[in-house]
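Here's the structure, in structure tokens; my notes come after.
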Amino acid sequence: MQFDHYIDNARVAPHTGARIDVVDPSTGEPFATIGRGDATDVQHAVSAAQRAMGDTLDGPWAKLSPVERGNLLFAYAAAVSRHADELAQLEARDTGKALNTARTDAAVLARYLQYYAGCVDKLHGDTLPYTAGFTVLTVREPIGVTGHIIPWNYPMQIYGRSVGASLAAGNACVVKPAEDASLSILRLAEIAAEVGFPAGTVNVVTGLGGEAGAALSAHPGIRHISFTGSTGTGALVGRAAAERHCPAVLELGGKSPQLLFDDADLDQALPVIVNAIVQNAGQTCSAGSRLLVQRAIYERVLDRLAQQFARLRSGPPSMNLEMGPLVNAKQHARVRAIVERVQADGIRVAARGTIAAGASGAGYYQEAVLFRDVPPDSELAQEEVFGPVLAAMPFDDEDAAVALANGTQYGLVAGVWTRDGARALRLARKLQAGQVFINNYGAGGGVELPFGGVKASGYGREKGFEALLGFTALKTIAIRHD
Ligand code: NDP
């Protein structure tokens, strides 16, 4: 199978003819190729998007009324639902995620498109009080052509939350998916064309991050850039955007803590805590990767978690086990090396999951691991693993819990488990995070809920109405009439 870029509502081969192998993570075998795009392909895509916008918002996409734009997005959501199984199959083969997880991703994508479709005709400005003799109003206009650099962990969901919001605001999009997760995104651009989005509204250029991705983040025609990925690459993208005064949203992952107090409902908490780290094999920016447990219940909690971890299995997507393989050989080697280093440092394993008998030895499998008594300043407590590895540590009181929770460079999500309502609210205000969940934990969830980080987890917000506002340019019009 050979996949090309999708530009101007057509499949377009990379201009150099260069291609990249697409590898099945459950076997390590290549099964397709994608185009290795470069700055010239990106230029081609940006030009197509600029034509869809027109010089003065008079292009075939920009001149649609909000109702027409919303209707197209509703049709897109319905088409994604109809193609959900096909999209899930592509995604599972490409990224290794369990088929059921990929199906959920397709459903969430449809929900993003539906949510933003419903926002389009509610996106309005204000009239503002000002000096006598004036009427002042604000209007929200599209920004222009937006760039979207999408990682491999939740390609469909992240496409939905960033491209969906940008289209709802009336922008045209150029997307650079991860080289390890391009297939569903290419198909999504085709589906957009099939439901009637004008040529140039949604364009996809595949390739390597350092080539196509870097070209997109530096392109002067890109007026807004959304990036989800590592802190290091995020800094490069943010710098390239700043050089040309381009707004950026950076979502850079985390080391998100769950704080479990001795009055918590453990039956409710523990399954959620396990899921928050093993979901998508731990390859989730908002994974609950640190578990802080009040000392009085620490041993009891670890015993119960150990039993749950021992039952976790990794296997190919078609087996629909708790976890699939990791996405690629590099991530596999990286996670395994971290686990080995942590053990070599003397940190104890409390429990491990297993790799299913049916899984290929050449696949990129990593069993779930629960580490206990993890020192707060260790690599495991401080650095994102991006694998199914949970770091548990005890705390004595509320202040100590907050200090531990806030004691990393990150601040994406936090979870608090307690029956004490005042404590829950107190902690929600003290925790340095973009989202705080009380007595639940929504790793990646909540189409309607603004999402993003503080500190090294990035800036700007995705999801919800807040994200939509970020994809608009606010213009103030002051009219003197007396
Ligand atoms: P990267 O941050 O390098 O990749 C994320 C996206 O950025 C991909 O689409 C990638 O393309 C692209 N990219 C890479 N280099 C550049 C560049 N110079 N300019 C513009 N875009 C670029 O992450 P990795 O895939 O290397 O994963 C490494 C670690 O990053 C993970 O272990 C995890 O800790 C973190 N990560 C966090 C994610 C999150 O959800 N917050 C998602 C993915 C990773 P390509 O893949 O083609 O190189």
Side-chain angles (χ1 to χ4, degrees), residues 20-23 25 34-39 42 94-95 97 105 147-159 161-162 174-185 204-219 222 225-241 243 246 248-256 279-287 289 326-338 364 366 379 382-389 408-413 434 443-444 451-453 456-460 462:
I20 302 169
D21 279 341
V22 177
V23 173
I34 53 171
R36 179 170 167 176
D38 65 7
V42 167
D94 203 3
T95 67
K97 64 173 68 195
D105 288 357
H148 307 260
I149 298 178
I150 299 189
W152 40 261
N153 53 345
Y154 291 93
M156 287 196 275
Q157 290 202 32
I158 293 170
Y159 176 94
R161 77 190 190 198
S162 82
V174 179
V175 183
K176 208 305 272 178
E179 74 208 61
D180 291 309
S182 294
L183 306 190
S184 61
I185 304 299
V204 179
V205 177
T206 58
L208 303 176
E211 296 175 1
L216 186 64
S217 36
H219 195 293
I222 295 293
I225 191 125
S226 312
F227 170 85
T228 303
S230 61
T231 44
T233 306
L236 292 178
V237 171
R239 198 170 303 136
E243 293 285 350
C246 170
V249 172
L250 303 181
E251 200 271 89
L252 308 178
K255 192 77 201 177
S256 296
Q279 169 183 325
N280 206 33
Q283 303 169 119
T284 302
C285 47
S286 49
S289 52
L326 302 185
V327 71
N328 58 30
K330 184 176 128 207
Q331 285 300 110
H332 187 230
R334 193 180 149 274
V335 173
R336 292 196 90 74
I338 294 173
Y364 308 135
Q366 167 64 52
E379 176 190 13
Q382 292 291 326
E383 303 297 333
E384 189 171 48
V385 175
F386 235 58
V389 181
T408 74
Q409 63 171 329
Y410 294 108
L412 192 56
V413 178
F451 174 73
S457 292
Y459 48 80
E462 299 202 283

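Counting starts at 1 for both ligands and their atoms, following the listed order.
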- Whether K97 side chain and N153 backbone form a donor-acceptor pair below 3.5 Å: yes
- Quick look: V237 vs ligand 1, heavy-atom contacts under 4.0 Å, and the answer is side chain
- What atoms in ligand 1 come closer than 4.0 Å to a heavy atom of E251? 41 (N)
- Distance-only, no hydrogens or angles: does the T206 side chain make a donor-acceptor pair with backbone N or O of G35 under 3.5 Å? yes
- Go through ligand 1 atom by atom and flag the ones less than 4.0 Å from a non-hydrogen atom of G253. 41 (N)
- Could you list the atoms of ligand 1 found under 4.0 angstrom from a heavy atom of P151? 42 (C), 43 (C)
- Item | Nearest-0.5 Å distance that lies between atom OG1 in T95 and atom CG in D180 | 9.5 Å
- Message: List the residues meeting side chain to side chain donor-acceptor pair (under 3.5 Å) with Q283, not counting sequence neighbours, and say none if there are none.
- Response: none
- For T228, the atoms of ligand 1 under 4.0 Å from one of its heavy atoms are 5 (C), 39 (C), 40 (O), 41 (N)
- What's the spacing between I20 CD1 and S182 OG if we round to 0.5 Å? 7.5 Å
- L236: numbered ligand 1 atoms lying under 4.0 Å from its heavy atoms: 18 (N)
- Distance to 0.1 Å, residue and atom name: give those for the protein heavy atom nearest to atom 14 (C) of ligand 1. G209 CA, 3.4 Å
- Location of contacts on E384 toward ligand 1, heavy atoms closer than 4.0 Å: side chain
- Say whether I149, considering both its backbone and side-chain N or O atoms, lies within less than 3.5 Å of an N or O atom on ligand 1. no
- Message: At less than 4.0 angstrom from any non-hydrogen atom of K330, what atoms of ligand 1 do you find?
- Response: 26 (O)
- So is Q283 in contact with ligand 1, going by heavy-atom distances below 4.0 Å? no
- Note on the structure: Quick note on ligand 1: atoms under 4.0 Å from a heavy atom of K176 include exactly 9 (O), 11 (O), 45 (P), 47 (O)
- Query: If you measure from each non-hydrogen atom of F227 to ligand 1, which part falls under 4.0 Å: side chain, backbone, both or neither?
  - Reply: side chain
- Query: Among all protein non-hydrogen atoms, which one is nearest to atom 27 (O) of ligand 1, and what is the separation to 0.1 Å?
  - Reply: Q331 OE1, 3.8 Å
- Note on the structure: If you scan protein heavy atoms around atom 44 (C) of ligand 1, the nearest is F386 CE2, 3.8 Å
- Item | Closest protein heavy atom to atom 29 (C) of ligand 1, given as residue, atom name and distance to 0.1 Å | S230 CB, 3.9 Å
- Message: As a test of the contact definition, would atom 3 (O) of ligand 1 count as having a protein heavy-atom neighbour under 4.0 Å?
- Response: yes
- Contact region, L252 to ligand 1, non-hydrogen atoms below 4.0 Å, reads backbone
- Message: Could you work out, with ring pair (Phe, Tyr, Trp, His ring centres under 6.0 Å) as the rule, every residue matching Y159, not counting sequence neighbours?
- Response: none
- Task: Work out whether the distance between some heavy atom of G207 and some atom of ligand 1 is less than 4.0 Å.
- Result: yes
- Query: Sub-3.5 Å donor-acceptor pair from the side chain of R334 to the main-chain atoms of V385, do we have one?
  - Reply: yes
- Message: Using a 3.5 Å cut-off on N or O atoms only, is T233 in polar contact with ligand 1?
- Response: yes
- Task: Give the C-alpha distance, both sets of side-chain angles, the deciding distance and a yes or no for side-chain hydrogen bond (donor to acceptor under 3.5 Å, both in side chains) between Y410 and S256.
- Result: CA-CA 8 Å; Y410 294 108; S256 296; over 6 Å; no
- Message: If I take atom CZ from residue F451 and atom OG from residue S286, how far apart are they, to the nearest 0.5 angstrom?
- Response: 4.5 Å
- Closer than 4.0 angstrom: is that true for some heavy atom of Y154 and an atom of ligand 1? no
- Message: I'd like to know if the side chain of K255 and the backbone of S289 have a donor-acceptor N/O pair within less than 3.5 Å.
- Response: no
- Query: Does the E251 side chain pair with the main chain of G253, one donor and one acceptor, at a distance under 3.5 Å?
  - Reply: yes
- Message: Cation-pi check for Y364 against K330: NZ or CZ below 6.0 Å from the six-membered ring centre and within 45 degrees of the axis, yes or no?
- Response: no
- Task: For N153, take its heavy atoms, then give the atoms of ligand 1 lying under 4.0 Å from any of them.
- Result: 39 (C), 40 (O), 42 (C)
- Message: Among all the protein's non-hydrogen atoms, which is closest to atom 25 (O) of ligand 1, and how far away is it?
- Response: W152 NE1, 2.7 Å
- Task: Work out which heavy atom in S226 is nearest to a heavy atom in E462; give both atom names and the distance.
- Result: CB-OE2, 4.2 Å
